[in-house]
Amino acid sequence: MLKMTIPVSVVSVKAAKDVKSSNYADFLFVGGSISIPVDQAAFDTLKPLEGSEVLASFQMKPSGIARFGRSVSIFEAVKFLGLVK
């Protein structure tokens, strides 16, 4: 896994519905969007930034796929690590 810093838009931040579920944040970036669980500290940081563009760090998981008959790597964000100031 690698750490990558990318510019993203914070689309929405959703609170957990009960004690068994997680808080979620939806991010939009060049190439797609992702909804990932975030802890309470990240929730508190991201909630006032809804609709804003920020520079954020993510833990990225590489995956190999075939695209147009060639093997390429894609990187999927699996964990929000924090904002970069």
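Side-chain atoms are counted along with the backbone in the values below, which use heavy atoms only and exclude waters and symmetry mates. Numbers for residues simply follow the sequence, beginning at 1.
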Separation of Gln59 CD from Phe75 CZ (nearest 0.5 Å):
13.0 Å

Without swapping roles, check the side chain of Asn23 against the backbone of Ala15 for a donor-acceptor pair under 3.5 Å.
no

Counting neighbours of NZ on Lys79 that are heavy atoms of other residues, nucleotides or ligands and sit closer than 6.0 Å, is the number greater than 12?
no

Could you walk me through whether Ile6 and Leu55 pass side-chain contact (heavy atoms from CB on, under 4.5 Å), step by step?
CA-CA 6 Å; Ile6 55 174; Leu55 196 57; 5.8 Å; no

Can you tell me how far the NZ atom of Lys3 sits from the CE atom of Met60, to the nearest 0.5 Å?
13.0 Å

On a heavy-atom basis, the closest approach of Ser57 and Thr5 is OG-OG1, 3.0 Å

Please give me the minimum heavy-atom distance between Ile36 and Ala77, naming the atom from each residue.
CG2-O, 4.0 Å

Does Phe27 have its ring centroid less than 6.0 Å away from the ring centroid of Phe58?
yes

Decide yes or no for Leu46 and Leu83: does some side-chain heavy atom of the first lie under 4.5 Å from some side-chain heavy atom of the second?
yes

Any donor-acceptor pair under 3.5 Å from Glu50 side chain to Val13 backbone:
yes

Starting from Phe29, can I reach Val54 by hopping between I/L/V/M/F/W/Y residues whose side chains sit under 4.5 Å apart?
yes

Testing the basics here: between Glu53 and Ser9, what is the closest heavy-atom pair and its distance to 0.1 Å?
CG-OG, 3.3 Å

Looking at every non-hydrogen atom in both residues, tell me the closest pair between Leu28 and Gly32 and how far apart they are.
CD1-O, 3.5 Å

Stepwise side-chain contact (heavy atoms from CB on, under 4.5 Å) check, Val10 with Lys47
CA-CA 9 Å; Val10 181; Lys47 187 64 176 169; over 6 Å; no

At what distance, to the nearest 0.5 angstrom, does CD1 of Ile34 lie from CZ of Phe80?
12.5 Å

If you measure from CD1 on Ile74 to OG on Ser63, what distance do you get to the nearest 0.5 Å?
5.0 Å

Is the Phe43 to Tyr24 ring centre distance short of 6.0 Å?
no

